[in-house]
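The chains referred to below are lettered A, B, ... by the order of the sequence lines, with proteins before strands, and numbering in each begins at 1. Side chains are part of it too, since the values below use all heavy atoms of this structure and drop only hydrogens, waters and symmetry mates.
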Amino acid sequence: LVEQKSKDEL
Amino acid sequence: MNVFRLAGDLSHLLAIIILLLKIWKTRSCAGISGRSQILFALVYTTRYLDLFTNFISLYNSVMKVFFISTSCATIYLMYVKFKATYDHNHDTFRIGFLLIPVTILGLLINHDFTPLEVLWTFSIYLESVAILPQLFMVSKTGDAETITSHYLFCLGLYRALYIFNWIYRYYFEGFYDLIAIVAGVVQTVLYCDFFYLYVTRVIKGKALKLPA
């Protein structure tokens, strides 16, 4: 699991 | 995109449309906290700075433009057009008490210490507490118009649905973002007593009256 950034979310 | 996130975004969209309709139809912003609306405008303008630099999808861009433009329009309606109906006396929550801690937290706990990332983090933390002036105002006035409670319900529901979206993405996409999740949980928890009042009163056709 890689902690990613929810940049595709509003 | 998954059904929870889409439902969340649509609930958010509906909340903003309800608010604009309420102000426009009743030509009044009584019962609405202008301070919360200022915080929301700050949330969207600091979060969607990548609108022109980072194209994700048409849906994503259209929604960002919608949120930024409607939050600014709401402030115009409240502080300019229907200024006379703005309830200064009950909208007294000190937003400095929110902005300062949120700014400090955004500088301390973030994914990446770059301007865009810190602003995004600030926006996420701010959104989780942006509704406090509004909830404070409802508790001070002791009640809220039914249309205002529908607005608050949809607004609270949006981030609650996002929590299901994050659970879904964790199990099916191996994706998670702790900053967004923790802030989203805090934001949803802040609505809990309102949700209780909404379900037990407004749904049954009674007015939203807070226990005095």
Side-chain angles (χ1 to χ4, degrees), chain A, chain B residues 1-2 4-6 8-13 16 43-44 47-51 53-57 59-68 110-112 114 116-118 120-121 123-124 127 158-159 161-163 165-166 168-184:
Chain A
L1 277 179
V2 179
E3 176 173 341
Q4 295 153 16
K5 299 172 205 152
S6 47
K7 287 304 173 290
D8 60 333
E9 291 179 349
L10 288 171
Chain B
M1 175 59 82
N2 58 66
F4 302 111
R5 184 142 66 99
L6 184 60
D9 290 339
L10 294 180
S11 178
H12 192 186
L13 196 73
I16 291 174
V43 164
Y44 303 133
R47 186 178 306 180
Y48 300 149
L49 293 171
D50 63 348
L51 175 62
T53 57
N54 174 13
F55 180 79
I56 290 162
S57 70
Y59 169 82
N60 189 276
S61 299
V62 165
M63 292 293 264
K64 286 177 176 177
V65 168
F66 179 83
F67 290 144
I68 292 174
N110 50 60
H111 288 309
D112 196 18
T114 60
L116 216 53
E117 193 59 36
V118 169
W120 177 84
T121 311
S123 160
I124 289 287
E127 187 186 12
Y158 128 71
R159 215 63 181 172
L161 288 167
Y162 254 69
I163 293 172
N165 152 63
W166 289 319
Y168 176 92
R169 296 189 77 175
Y170 179 78
Y171 284 111
F172 292 94
E173 299 171 21
F175 166 98
Y176 69 100
D177 180 334
L178 273 185
I179 286 179
I181 292 170
V182 172

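With rounding to the nearest 0.5 Å, the separation of OH in B:Tyr158 from CG in A:Leu10 is 7.5 Å.
The closest side-chain heavy-atom distance from A:Glu9 to B:Arg47 is not below 4.5 Å. Counting heavy atoms from C-beta outward, A:Asp8 and B:Arg5 have side chains that approach closer than 4.5 Å.
Using a 4.5 Å cut-off between heavy atoms, B:Tyr48 touches chain A through its side chain atoms alone. With a 4.5 Å cut-off on non-hydrogen atoms, B:Asn60 touches chain A through its backbone and its side chain both.
Other residues, nucleotides and ligands contribute only 12 or fewer heavy atoms inside 6.0 Å of the OH atom of B:Tyr171.
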